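Below is one structure; the comments refer to it alone.
Note that this is a predicted model, so its numbers are computed, not measured. Numbering of ligands and ligand atoms starts at 1, following listing order.
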Amino acid sequence: MSDRRRIYLSPPHMGAAERELLLEAFDSNWISTVGPQVNAFEAEFVELLSCGHAAALSSGTAALHLALVLLGIGPGDEVLCSDLTFAASANAIVYQGAVPAFIDSDRASWNMDPALLAEELDARARRGRLPKAVIVVDLYGQCADYDAIARACARHEVPIIEDAAEALGADYRGRPAGSFGVLSVFSFNGNKIITTSGGGMLVSQRADWIARARSLASQARDPLPHYEHSAIGYNYRLSNLLAGIGRAQLRRLPDRVARRRAINAFYRAALADLDGIEFLPEAPYGRSTCWLTCITVDPSRFGATAEQVRVHMESHDIEARNVWKPMHLQPVFRDHAIRGGAVSEDLFARGLCLPSGSNLTEADLDRIVATFRSAR
Ligand SMILES: Cc1ncc(COP(=O)(O)O)c(C=O)c1O
């Protein structure tokens, strides 16, 4: 074991402003799920992203769940979902008793392959079994190819839910991530580009849906003096304390994106001479935040597998992580349909996420690269 400080994959990056707004919320005694910081966080989020309306929630998973509830998705309905993603994207489908089916990635962005999606929708239309929605994930800080995806979905009138949990600050043809779903979702989990410790945001151009989301997130209490409920609700609102942290974090978003992109550029230059290392491509249609810098390792050319590199880095107290294990390979989704699957399997087998936190120092980056290079 190294005696040096551990380097994490993507740790929180806090500052004095976060502490100040957190304490301001604390001192105001609005420490629960109602308060001025929550309202201001929503308003500032909408302003920054031009995303219409926003409901601040306790997690990205809660935001996904409410998106499905708002679209009326229920038992037995089918929902298509990106195959290469974190399980939360698909779990929310199952919360509603609906059935996920998965679409493989393309190699241009590692996101949902629009051609496979179109094939799947056409095939389902022929069988009279269109899905109720498609959850499209913006993976590792980069938007999916929405022109082609929206065309395929519009042809069959299937709504898109955009899971932009990993892509706050990215854009696609000049439009921000979160603009492409009828409902879109962000996460402020501790490892994200900005964090509230835990939290999420549900956004939509439809004011009525977001008002409904706020109500559902507060146990769906009817507007009466006594406790009356005409719908099943949830306890999904974001705490006012955490919204204070979120406001301070949001102000730093442009710097955080710039830093993550600079880290990505650093790795590309520092590892450029190594045979068998390829980077997750930045698709020409947009600007990635480079939330995580991801690579694939060809062991026959590099001289070690991605897993050997990960273990080697771990032995030097540097956290690298496997690329997401595709949903169709997860024991819990074993029996679910998948269109394609070879690309996500390959990315999982050969992929590695490198430390990408915006608070990495130049010395950290040099240490990571030197350790990486000694993995062979
Ligand atoms: C793609 C994706 N979707 C959903 C989530 C869930 O967000 P949360 O952890 O805030 O519930 C995450 C990350 O955590 C994610 O990476």
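- Ionic pairing of E228 and R221 is not present here: no N-O contact between side-chain nitrogen and carboxylate oxygen is shorter than 4.0 angstrom.
- Less than 4.0 angstrom separates some heavy atom of T85 from each of these atoms of ligand 1: 1 (C).
- Between G60 and ligand 1, a contact under 3.5 Å exists for at least one N or O pair.
- Looking from atom 1 (C) of ligand 1 to the surrounding protein, the closest heavy atom is E166 OE2, 3.3 Å.
- Residue contacts with ligand 1 leave out G200, since none of its heavy atoms falls under 4.0 Å from the ligand.
- A salt bridge links R107 to D346: at least one charged side-chain nitrogen sits closer than 4.0 Å to a carboxylate oxygen.
- Against a heavy-atom cut-off of under 4.0 Å, K192 is close to the following atoms of ligand 1: 12 (C), 13 (C), 14 (O), 16 (O).
- The shortest contact between atom 12 (C) of ligand 1 and any protein heavy atom is with F86 CD2, 3.6 Å.
- For the pair G199 and ligand 1, a heavy-atom separation below 4.0 Å is found.
- Within the structure, the side-chain hydrogen bond (donor to acceptor under 3.5 Å, both in side chains) test picks out the following pairs touching residues 44-64 (sequence neighbours left out): E44-R247.
- Using a cut-off of 4.0 Å between Lys/Arg side-chain N and Asp/Glu carboxylate O, R373 and D273 are scored as salt-bridged.
- Under the salt bridge (Lys or Arg N to Asp or Glu O under 4.0 Å) criterion, the residue pairs touching residues 136-155 are D122-R155, D147-R173, with sequence neighbours excluded.
- Residue A88 touches ligand 1 through its side chain alone, judged by heavy-atom distances below 4.0 Å.
- Classification of E282 and R261 as a salt-bridged pair holds, one side-chain N sitting under 4.0 Å from a carboxylate O.
- Near V137, meaning under 4.0 Å from any of its heavy atoms, are these atoms of ligand 1: 1 (C).
- Ion pairing between a basic and an acidic side chain is recognised when a charged N comes within 4.0 Å of a carboxylate O; R350 and E278 show no such pairing.
- Residue-ligand proximity, A165 to ligand 1, at heavy-atom distances under 4.0 Å covers atoms 2 (C), 3 (N), 4 (C), 5 (C), 12 (C), 15 (C).
- For atom 3 (N) of ligand 1, the closest non-hydrogen atom of the protein is D163 OD2, 2.7 Å.
- Across all their heavy atoms, N322 and E307 have their closest contact at ND2-OE1, 3.2 Å.
- With distances taken over non-hydrogen atoms, the option nearest atom 11 (O) of ligand 1 out of L57, N191, T61, L64 is T61.
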